[in-house]
Every structure is written in C-alpha cells, then in structure tokens.
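Each remark here refers to the structure printed beneath this line.
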2 protein chains.
Amino acid sequence: MNTASAAPLTRIQRRNRKLILEAALEVFSQHGFRGATLDQIAAEAGLSKPNLLYYFDNKEAIHRSLLGDLLDSWLAPLRAIDPDGEPRAEILAYVRRKIQMSRDFPRESRLFANEILQGAPRIEGFIRTELRALVAEKAAVIRGWAQAGRIADVDPMHLIFSIWALTQNYADFEAQMRMVRGPHSDPFDGAEDYLETLFSRLLAV
Amino acid sequence: MNTASAAPLTRIQRRNRKLILEAALEVFSQHGFRGATLDQIAAEAGLSKPNLLYYFDNKEAIHRSLLGDLLDSWLAPLRAIDPDGEPRAEILAYVRRKIQMSRDFPRESRLFANEILQGAPRIEGFIRTELRALVAEKAAVIRGWAQAGRIADVDPMHLIFSIWALTQNYADFEAQMRMVRGPHSDPFDGAEDYLETLFSRLLAV
DNA sequence: ATCATTCTTGACTGATTGGTCAACTCTGGT
DNA sequence: ACCAGAGTTGACCAATCAGTCAAGAATGAT
C-alpha cells in the first residue's frame with residue numbers, strides 16, 4: 001500500500017482513504033503539521049493508527065496529499081479571470097468565487113493559512129513556480145485594464161493580495177469573528193455585499 | 001522563581017526572561033503552541049531547558065506571557081479612534097497604525113493568527129469580553145458617522161474586520177508574498193498607499 | 001573573604017510521538 | 001468451500017516530549 005501505483009483502488013481503499021483525509025483535514029487545519037498527531041487523526045477517522053499507515057507511507061504523505069488536492073482548486077478561481085471579459089465584472093466575479101470557497105471549504109483555507117504561517121516549507125515550490133507565474137499573468141491583465149482606463153489605476157499585486165486577504169479572512173479568522181459578534185452570528189452574513197461594494201468603489205474610474 | 005511575585009527583578013532575571021520570550025516568540029509564531037517545543041525555544045534562547053523552567057512554570061506560562069503582552073498593544077490602535085475626530089481621517093489613521101504594527105511586529109501578528117486558527121482556546125476570554133466590548137463601542141461610533149452622512153453607509157463590523165484582514169495580512173502571509181513577488185521584494189512597499197486609496201474610496205460619501 | 005541567595009545544568013522520569021511488525025481477520029473470485 | 005490477497009491491529013520500538021531534581025557555580029551584600 002505505497003504511493004501512486006497503477007493498481008485500481010478497491011471500494012474499501014476509496015472509503016478509508018477518504019475517511020483518513022477528512023479526519024486529517026480537520027486536525028491539520030486546526031493544529032498545523034507539527035501540532036497534529038497521528039493518534040488524533042486515527043481517532044477522528046475511527047481507524048487504528050497502523051491502519052492509517054497502511055494507506056499512507058507516513059504523516060507527511062497524508063499532509064502532502066491534502067495540500068496537493070487543495071492547490072489544484074486554489075488556482076482555478078484566479079485562472080478563470082478572462083482577459084477578454086468586462087474588467088470590473090471579472091474581478092468582482094473572482095471575489096465572489098473566492099468568498100464562496102471560504103464559505104464552502106473553510107478548513108482547506110485554514111490548512112493553507114497554517115502552511116503559510118510556518119513559512120510554506122512544503123509548498124514553496126508550488127508558490128515560486130505555478131502560483132507565481134499565474135499571478136504574474138493575471139497581474140499583467142489587470143495592469144492592462146488599468147492602463148486602458150477601464151478600471152481605476154491600482155497596483156495589481158496589492159489588489160490580488162487584498163482579495164486573498166479579505167476572502168480567506170472569513171474562513172481563517174471565523175473563530176474570532178464569532179466571538180466578537182456574538183453566539184448567534186454568521187460571519188459570512190453580508191460579507192459578499194460588503195466586498196462587492198468595497199471593490200466596486202476601489203475600481204470605479 | 002514562580003509567577004508574579006512582588007520581589008523586584010534582578011538584572012539577570014530581566015535579561016534571561018527577555019531572551020526566553022524573544023526566542024519563544026520566534027518559535028511559537030512559526031509553529032503554534034502545540035508545534036513548538038521547549039528544546040527548540042531553549043536552543044534559540046541559548047539557555048538550557050531546565051533554566052527555561054526556572055524562569056517560567058511551564059510551556060503554557062511562556063505562551064501566556066507572550067499573549068498577555070501582545071493583547072495590551074492589540075487594543076491600543078482601535079481604542080485610539082476618537083469619536084469627536086474627523087471620521088475619514090480617524091479611520092485612515094487607524095489603518096495606518098495597524099499596518100505599522102504589522103511591519104514592526106510581524107511575529108506578534110503571526111502568534112495571534114496561530115492562536116485564532118486553533119480556535120483561540122487561550123484568549124477566548126479576552127475576545128469575548130474586552131475585545132468584543134471595544135469593537136461594539138467603536139462600531140457604534142462608526143455607525144453614527146455613517147448615519148450622519150459623514151462617511152459612506154457601510155457595515156461597521158465588516159469594515160473593522162476588513163481593516164484587520166488587510167493589515168495583518170502583510171505580516172501573516174509575508175512568506176507567500178515574498179515568494180510570489182520575487183526574492184528582492186518588500187511586501188510592504190506601496191501597501192500603505194494602496195490601503196489608503198482603498199478605504200478612502202470605500203468611505204467617500 | 002565569607003556565605004546566603006540566586007542561578008545553572010547534567011542526568012533523569014514518565015508520557016507521548018511517529019512508525020514497525022507479525023499475526024490475525026475479512027473479502028471476493030473460483 | 002476454498003484460498004490468495006487485501007485489510008486490520010495489539011504489542012512493540014526508538015526518539016522526542018514536558019517537566020523534575022539534586023548538586024554545583026556564580027553573584028552580591030556584608
């Protein structure tokens with residue numbers, strides 16, 4: 001039961017791998033890589049620790065598998081920005097996609113945040129190559145829009161970073177928001193409208 | 001060498017406590033509470049592990065001491081918002097104070113971020129009481145400004161959260177920004193101007 | 001110079017960590 | 001019903017963890 005082999009997965013393999021990754025996501029996203037333990041993940045998954053290590057080579061392999069799945073879906077919303085689209089609509093749609101990801105996959109967002117806080121040791125390659133290239137490409141698109149006077153003249157890099165910060169914030173700092181706003185509050189309430197207003201006014205010519 | 005006693009600190013005590021807290025900040029802010037080890041902190045501080053425990057009761061006492069120092073300075077910039085000041089200037093000054101804190105104390109920001117990501121178990125009390133009360137107070141001030149038509153009509157809660165997200169972002173995700181923007185870049189370059197533009201346009205009536 | 005106090009640490013402990021292994025049970029094709 | 005391979009786990013291991021302790025070294029007031 002090693003890494004990627006050509007053998008087709010059995011029904012049991014599919015079920016247990018999913019159980020493990022689901023449990024690991026819960027634990028890693030809350031405690032980070034070093035703070036998480038295999039015993040905790042095993043307990044959360046309802047499996048024995050040796051059984052975990054039957055499906056994954058070691059602790060890092062589980063973590064790597066989670067990050068791999070995550071990074072794919074992380075690029076998609078940014079990649080979907082259409083250079084030939086209506087500039088303001090494209091950017092606002094990107095904001096909307098990102099905040100929906102924070103709402104639907106908050107633990108994935110926190111897993112990512114934990115990794116960055118630790119200096120991104122395990123995804124440095126991804127960030128320096130794929131993410132960097134994609135950001136450079138889309139920043140050029142946005143710069144073009146600004147120079148053509150179709151949106152306000154803002155620094156594209158800061159714009160992209162601010163979109164990340166504002167959207168992921170709702171997932172990463174959800175605990176704080178709930179505590180500050182009270183027990184019966186949903187941090188996402190009004191978030192989409194607020195961010196649409198914010199970026200609309202920022203980009204208006 | 002226990003907790004808070006009335007005894008005055010000696011020269012050696014002051015020096016070593018500072019060494020320990022400095023080292024602990026470095027380690028805790030990168031790995032979180034559970035991911036950090038006393039051996040690591042001891043090595044970073046250049047002291048032996050038993051010596052660490054001569055100055056602090058246990059691992060948690062070191063962490064608590066760091067957070068305690070932090071939370072004091074965390075409230076100050078928000079508290080400084082003057083209800084009788086010029087609304088837009090007050091809010092922009094707050095943004096400026098926050099981003100300067102991110103620039104000057106990035107590790108403190110990451111320590112805080114780590115704590116929130118883990119569900120804020122050790123500062124839940126602080127958030128639910130002091131921070132919550134202060135946020136409610138300042139949100140009321142901002143709401144008053146909006147209703148008086150002195151700034152645009154935005155949700156004060158979302159406004160405050162977005163200021164936190166955008167400013168702390170430069171410290172918490174600094175590693176990612178450096179990797180995306182290249183080796184010779186300073187993430188803070190242009191950040192202050194960008195945020196001033198962003199919030200100016202958001203709040204303009 | 002004396003000496004009580006403060007400071008320091010090597011050697012330790014029991015608990016927990018990631019990971020192994022041999023023996024076991026279950027599954028599905030025949 | 002059989003059985004080869006897939007799946008499972010109790011018992012274990014070495015390493016690391018937070019924390020203890022007794023004994024020694026440095027300090028500073030007299």
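So you know, we letter chains A, B, ... as the sequences are listed, proteins then strands, and number each from 1.
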Whole Å only: how far is the [atom1] atom of [X] from the [atom2] atom of [N]?
X: Asn51(B); N: dT20(D); atom1: CG; atom2: C1'; result: 14 Å
X: His63(B); N: dC17(D); atom1: NE2; atom2: C1'; result: 17 Å
X: Leu52(A); N: dT20(C); atom1: CG; atom2: P; result: 13 Å
X: Leu53(A); N: dC12(D); atom1: CG; atom2: P; result: 19 Å
X: Phe56(A); N: dG18(C); atom1: CZ; atom2: C1'; result: 16 Å
X: Ile41(B); N: dG19(D); atom1: CD1; atom2: P; result: 10 Å
X: Ile12(A); N: dT9(D); atom1: CD1; atom2: P; result: 12 Å
X: Arg14(A); N: dA6(D); atom1: CZ; atom2: P; result: 15 Å

**Item:** Pairwise 5' ranking along DNA chain D for Gly46(A) and Glu60(B), keeping only the more 5' one
**Value:**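 Of the two residues, Gly46(A) wins.
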
Let me have the donor-acceptor pairs involving side chains of residues 151-160 of chain A, under 3.5 Å, with sequence neighbours excluded, atom names and distances please.
unit_1: Asp155(A); atom_1: OD1; unit_2: Met157(A); atom_2: N; d: 2.8
unit_1: Asp155(A); atom_1: OD1; unit_2: His158(A); atom_2: N; d: 3.2
unit_1: His158(A); atom_1: ND1; unit_2: Tyr170(B); atom_2: OH; d: 2.7
unit_1: His158(A); atom_1: NE2; unit_2: Asp189(B); atom_2: O; d: 2.7

Listed nucleotide nearest any side-chain atom of [X], set [options]:
X: Asp39(A); options: dG10(C), dT17(C), dG19(D); result: dT17(C)
X: Arg11(B); options: dT9(D), dT27(D), dT8(C); result: dT27(D)
X: Pro50(A); options: dA18(D), dT20(C), dG7(D); result: dT20(C)
X: Thr37(B); options: dT20(D), dT9(D), dA18(D); result: dA18(D)
X: Lys49(A); options: dC7(C), dG18(C), dT8(D); result: dG18(C)

**Request:** Can you sort out the partners of Trp164(A) under side chain to side chain donor-acceptor pair (under 3.5 Å), two or more places apart, ordered by chain and number?
**Result:**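 Result, side chain to side chain donor-acceptor pair (under 3.5 Å) vs Trp164(A): Tyr94(A).
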
Using OP1 and OP2 only, check whether a side-chain N or O of [X] sits under 4.0 Å from [N].
X: Tyr54(A); N: dG19(C); result: no
X: Asn58(B); N: dA18(D); result: no
X: Thr10(B); N: dC7(C); result: yes
X: Gln13(A); N: dA6(D); result: no
X: Asn16(B); N: dT6(C); result: no

**Prompt:** NA contact type, Ala42(B), heavy-atom cut-off 4.0 Å: base, sugar-phosphate, or nothing?
**Reply:**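 No contact.
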
**Request:** Tell me, please, whether Phe199(A) has Arg201(B) positioned over its six-membered ring: NZ or CZ under 6.0 Å from the ring centre and within 45 degrees of its axis?
**Result:**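 No, Arg201(B) does not sit over the ring of Phe199(A).
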
Do the side chains of [X] and [Y] get close enough for a salt bridge, i.e. N-O under 4.0 angstrom?
X: Arg107(A); Y: Glu22(A); value: yes
X: Glu137(A); Y: Arg79(A); value: no
X: Asp39(B); Y: Lys49(B); value: yes

**Request:** Look at the side chain of Lys59(A) against the base of dG19(C) and say whether a donor-acceptor pair falls under 3.5 Å; ignore hydrogens and angles.
**Result:**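 Answer no: no donor N or O sits under 3.5 Å from an acceptor.
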
